[in-house]
Amino acid sequence: MTTPIKIAQAADYVGHEITLNGWVQKRIDKGKLQFISLRDGSGTMQCVVFKKNLPEEQFEVARHTTLESAVRITGALRAEPRAPGGYELDVAAFEEISRADDPYPLAAKRDGGEHGSDFLLNHRHLWLRDPRQAAILRIRATLENTIRRWLDDHGFVLVDSPIITPAAAEGTSNLFATKYFDEPAYLAQTGQLYSEATIAAFGRVYCFGPTFRAEKSDTRRHAMEFWMVEPEMAFTELDENMEVIEQFVSHCVQTVLRERAAELAVLGRDVSLLETAVAPFPRIHYDDAVKLLQANGYPDFPWGEDFGAPHEDAISAQFGKPVFVHHYPRGVKAFYMQPDPERPDTVLACDLIAPEGYGEIVGGSQRMHDYETLANAIDAHKLPREAYEWYLDLRKYGAQPHSGFGMGLERVVMWICGLSHIREALPWPRLYRRFYP
RNA sequence: UCCUGCGUAGCUCAAUCGGCAGAGCAACCGGCUGUUAACCGGUUGGUUCCUAGUUCGAGUCUAGGCGCAGGAGCCA
């Protein structure tokens, strides 16, 4: 045995004897010849086991090894055009480190069809080994890294916001309740209000972490625990907010396209549908969005209502790239959004709707910065004033027009990967009535 | 919470009018020195989601429950 290497480094070892540690992903038994596909996390290697090339008892172990057994294989590496990936290991020694029970629960495929989603989710701890799932999670990791790099490079400071919070931004019915010793507490559904405080220290900040919503939303677009990145910018109004959003989103998508082409190919994603996601994005006023809906299948859609999933799809279908809808009616948006002084029935808000029916991926707005306006809004929404004292306090000490937005990580992963359900966009999805394993 | 559909082998699904419980895949045994959705032969594998009812007889029909899926609603 030699020092183990990673499969991804194989090209540097052609002609040498190497050792690989990994898991048996596939085995084909041809009698005196065994093909074993070994997965080690960095790649897969076809290993060829000829009966005459290793001790009899090791050949028998190899011939009867089970799917997903952890094994150590030593042999000579050579280029082989017949092998997937172009390299192949001629096995000289085979050691079973841990034999996997059989049958492996996720082994059945091919003519029998795929597994159902219920079965797969109950075996999420094993399903994650699937090359398709691994590709999605690599794309997710690259996206998270790209998000941080872009914001860090554009003057944003990462300021982590708390997960345990004393009060709700929007009442408590859709929050997960817990205890902070003897006091009631809630899991955060946003870090935005805290970021509004720290912009006075840094000018531009962002938080990026898990958020929690106890909504009984049983749809393919909703998870109870999901990750959101929320940038916030001082001295920034709605138009500049949209400019930042479109630059940010374009960069994220194009970077993942460039850095994760292999994974997107594994997923069979049509990347031409993503290459068009380059700034600027079209912007339509809510008034015009309503007219657009009325002319495209929803003649009775009334001004003043929020869009449901079918309406978002109808709007995005008119554009080949993400589209902004801005100036929503005041009644459908959050209490802290700044009304448009020229159209007080609307707020300075913008949603970014992804193409292909992936729905809202970004929600942003300019925030109220006037003390009286905000205090009245809190009262009008019947929110407990005492819970927002610190938030109102910000309007006493150097208030200024400021804006920010939140981007749902999983929605973007779904869009980039072309997923039909959010359950594949998280490693451990927490869905309505499902949080195992 | 509502609407629709589904629940049969480890997995994906069949089972005609209410009449012997089936297939493919997986697993196991055997064969094969170029497979990569291998192939060929054989074997194993069942609380038909649960409870009650109708019937000579229920996977199939009825009622209730449980679970899952898709859609809607909810949703910064």
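Below, chain A is the first sequence line, B the second, and so on; all start at residue 1.
- Of all nucleotides listed (B:G34, B:A76, B:G73), B:A76 comes nearest to the side chain of A:Ala334.
- When distances are taken from the side chain of A:Arg78 to each of B:G34, B:G73, B:A38, the shortest belongs to B:G34.
- With respect to A:His402, the side chain to side chain donor-acceptor pair (under 3.5 Å) criterion is satisfied by exactly one of A:His369, A:Gln366, A:Glu196: A:Glu196.
- Contact annotation: A:Arg63 does not reach the phosphate of B:C29 (side-chain N/O to OP1 or OP2, under 4.0 Å).
- Taking 4.0 angstrom as the limit, A:Arg423 places a side-chain polar atom (N or O) nearer than this to OP1 or OP2 of B:G70.
- B:C17 has its base syn relative to the sugar, with a glycosidic angle deviating from 0 by at most 90°.
- Of the candidate nucleotides B:C11, B:G34, B:U36, B:C11 has the atom lying nearest to any side-chain atom of A:Phe119.
- Contact between the side-chain N/O atoms of A:Arg82 and the OP1/OP2 oxygens of B:U36 is not found at any separation under 4.0 Å.
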Exercise for the section: Walk me through it: do A:Asp340 and A:Arg330 pass the test salt bridge (Lys or Arg N to Asp or Glu O under 4.0 Å)? Expected result: CA-CA 9 Å; A:Asp340 182 353; A:Arg330 200 171 172 178; over 6 Å; no
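- Residue A:Pro103 has its side chain nearest to B:A27 when only B:A27, B:U1, B:G34 are considered.
- Contact annotation: A:His115 does not reach the phosphate of B:G10 (side-chain N/O to OP1 or OP2, under 4.0 Å).
- The P atoms of B:G22 and B:A27 are separated by 24 Å, rounded to the nearest whole Å.
- Between A:Arg385 and A:Asp379, at least one side-chain nitrogen of the basic residue sits less than 4.0 Å from a carboxylate oxygen of the acidic one, meeting the salt-bridge criterion.
- Going from the P atom of B:A9 to that of B:G65 covers 25 Å, rounded to whole Å.
- With sequence neighbours left out, the side chain to side chain donor-acceptor pair (under 3.5 Å) criterion links A:Gln338 to no other residue.
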